[in-house]
Structure formats: C-alpha cells, structure tokens
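This report concerns only the one structure given below.
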Amino acid sequence: MPTIDDHDERIAAAIAEQHALRARVSLRDEFGDLRLVAGVDAGFENEGTVIRAAVVVLRFPDLAPVDYALVRQPVTFPYVPGLLAFREVPAMIAAFDRLHTEPDMVICDGHGIAHPRRCGIACHLGVLLNLPTIGCAKQRLIGRYVTPPTVRGARSPLYDGSEQIGWVLRTRADAQPVFVSPGHRVSLDRATEVVMACTTRFRLPETTRFAHRLASHGQLPLV
DNA sequence: GCGACAG
DNA sequence: ATCTTGTCGC
C-alpha cells in the first residue's frame with residue numbers, strides 16, 4: 001500500500017519533471033491563422049475518484065462548436081497547488097487523442113508560466129501535445145499585481161519580482177478579472193488578445209465555458 | 001515559524 | 001474540484 005514516503009517521492013519526481021518540461025516551453029508566437037480554438041477542462045465524479053476531461057473545439061472567430069471529446073479515467077494524483085497538471089493532464093491528452101480535428105490554439109483552465117517553476121498546466125499540456133496553449137485562470141497562484149480598472153479590456157501586469165509572468169485581464173466590466181499567461185508557443189500579448197477574442201458576454205472565454213459544461217455535466221447540455 | 005496555495 | 005440554500009440584479 002502507498003506510504004507517506006511514496007507520496008513524497010511522487011511529489012519530488014513531479015517537481016523534477018516540471019523543471020525538464022519548462023526547458024521545452026516556447027514563448028514565441030508559433031502558430032498560423034486561427035481557425036479552430038479549443039477549450040479544455042476537468043470535472044470529477046464518483047466522490048472524486050474519477051476524473052472527466054473535456055475538450056471542445058470552436059470555430060474562430062465566430063466561436064461555434066464543431067468538435068468535442070470526453071474521457072473518464074481513475075484519479076491517480078492528489079490535488080497539490082503547483083502540481084495540478086499531474087492530476088488532470090493524462091486524461092486531457094486522452095481526450096485530445098479522440099478529437100476529429102486539430103485545434104490551432106488551446107485555452108486551459110489554469111495557469112501557464114504564471115507558476116512557481118514557470119510550468120503550469122497550460123505549459124505542461126502544450127509541450128506534451130506540441131500545441132499552442134494559453135493559461136486562463138480564475139484565481140492567482142503566484143505573482144503581484146494592481147487591480148485593473150473596471151472596464152472590459154483593462155489589464156495590469158502580473159509580476160514575480162521584476163519578471164512579468166502574465167496579465168490580469170478584465171474580460172467583463174463588473175466581474176473579477178482573469179489571469180492570462182502563455183502556456184506554449186504563444187507570447188504574453190498574443191495570449192491576452194486571443195482570450196479577449198474568445199470572450200463575449202461572460203467573464204470566462206467561450207472555450208472554457210463549453211469545456212466546463214461538458215466536463216461537469218458529463219455531456220453537452222442541449223441548451 | 002507564519003502565511004499562501006490554479007483546480 | 002465538489003456540495004448546496006439563499007440572494008441580488010437584469
């Protein structure tokens with residue numbers, strides 16, 4: 001049976017893997033015309049013992065859903081702040097394998113480089129899939145910032161010391177801002193532009209909203 | 001030693 | 001993340 005020591009060793013191995021993955025992350029804009037943009041998210045069932053990973057592909061820029069995939073797997077890793085990817089990415093990759101299309105950009109529910117080791121879930125997924133990815137999180141993990149003005153589109157830099165690791169973006173006037181950071185193959189500024197382009201009347205981008213509904217309901221709501 | 005801590 | 005009643009605002 002698993003012991004405390006085994007747990008500690010898995011944590012240590014995960015952190016070591018993040019250092020390796022981090023070296024493979026590109027913060028340059030390595031993608032062409034955006035025709036398909038995907039959202040990915042995870043949900044849980046059976047008292048948290050099963051993870052549901054959902055990917056929904058939307059046509060860009062009209063954001064109409066054109067493809068999706070849903071995968072269920074046993075949970076194999078606990079939630080540890082900073083190690084979220086080890087809990088959710090395996091199921092997400094299985095879901096991407098089931099798509100009938102290949103998205104030009106992927107927006108993840110969580111951070112990209114705005115992470116203690118610059119290797120948030122968006123970086124992790126992007127490197128393993130070799131796809132451009134963006135981290136769009138609802139909550140801060142690390143970094144300091146001043147609250148951006150209350151108008152849609154307003155943004156203020158997220159800093160770790162003197163290094164900018166993301167943008168705190170107001171996607172909707174009267175709502176809490178989101179935290180945008182590059183995952184892989186995209187720059188800070190382009191990542192923020194894409195998130196804005198995928199956000200219409202709600203706080204979160206449509207990509208994330210579609211994926212979230214699929215992941216939490218276990219099927220695409222007919223409404 | 002004391003907080004902070006994506007989903 | 002998930003659970004879950006009530007409440008506010010358009």
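Every chain is numbered from 1, with letters handed out A, B, ... down the list of sequences.
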Side-chain ([X]) to main-chain ([Y]) donor-acceptor, under 3.5 angstrom:
{"X": "A/Asp41", "Y": "A/Ala215", "answer": "no"}
{"X": "A/Arg117", "Y": "A/His19", "answer": "no"}
{"X": "A/Arg170", "Y": "A/Ala175", "answer": "yes"}

In residues 136-145 of chain A, what donor-acceptor pairs under 3.5 Å come from side-chain atoms, sequence neighbours left out?
residue, atom, partner, partner atom, Å
A/Lys138, NZ, A/Asp109, OD1, 3.0
A/Lys138, NZ, A/Asp109, OD2, 3.2
A/Arg140, NH1, A/Gly143, O, 2.8

Charged N-O contact under 4.0 Å between A/Arg118 and A/Asp160: yes
With sugar-phosphate meaning primed atoms plus P, OP1 and OP2, does A/His124 contact a base, only sugar-phosphate, or nothing at under 4.0 Å between heavy atoms? nothing
Residue pairs fulfilling side-chain hydrogen bond (donor to acceptor under 3.5 Å, both in side chains) with at least one residue in residues 171-181 of chain A, sequence neighbours excluded: A/Arg172-A/Asp174
Once base and sugar-phosphate atoms are separated, protein heavy atoms under 4.0 Å mark nucleotides 4-10 of chain C, 5' to 3', with B, S and - as -------
Under a 4.0 Å heavy-atom criterion, the protein footprint on nucleotides 1-7 of chain B, written with B, S and -, is ---SBBB
Donor-acceptor pairs under 3.5 Å, side chain of residues 82-101 of chain A to any protein atom, not counting sequence neighbours: which ones?
residue, atom, partner, partner atom, Å
A/Arg87, NH1, A/Phe77, O, 2.8
A/Thr101, OG1, A/Asp67, OD2, 2.9

Passing candidate, side chain to side chain contact (heavy atoms under 4.5 Å, CB included) with A/Arg185, options A/Asn130, A/Thr133, A/Asp29: A/Asn130
Nearest heavy-atom contact between A/Ser156 and A/Pro148 is OG-CD, 3.6 Å
Name the stems with DNA chain B in them: runs of three or more consecutive Watson-Crick or G-U pairs, distances under 3.5 Å? none
Going from CD on A/Glu30 to OG on A/Ser187, what distance comes out if it is rounded to the nearest 0.5 angstrom? 10.5 Å
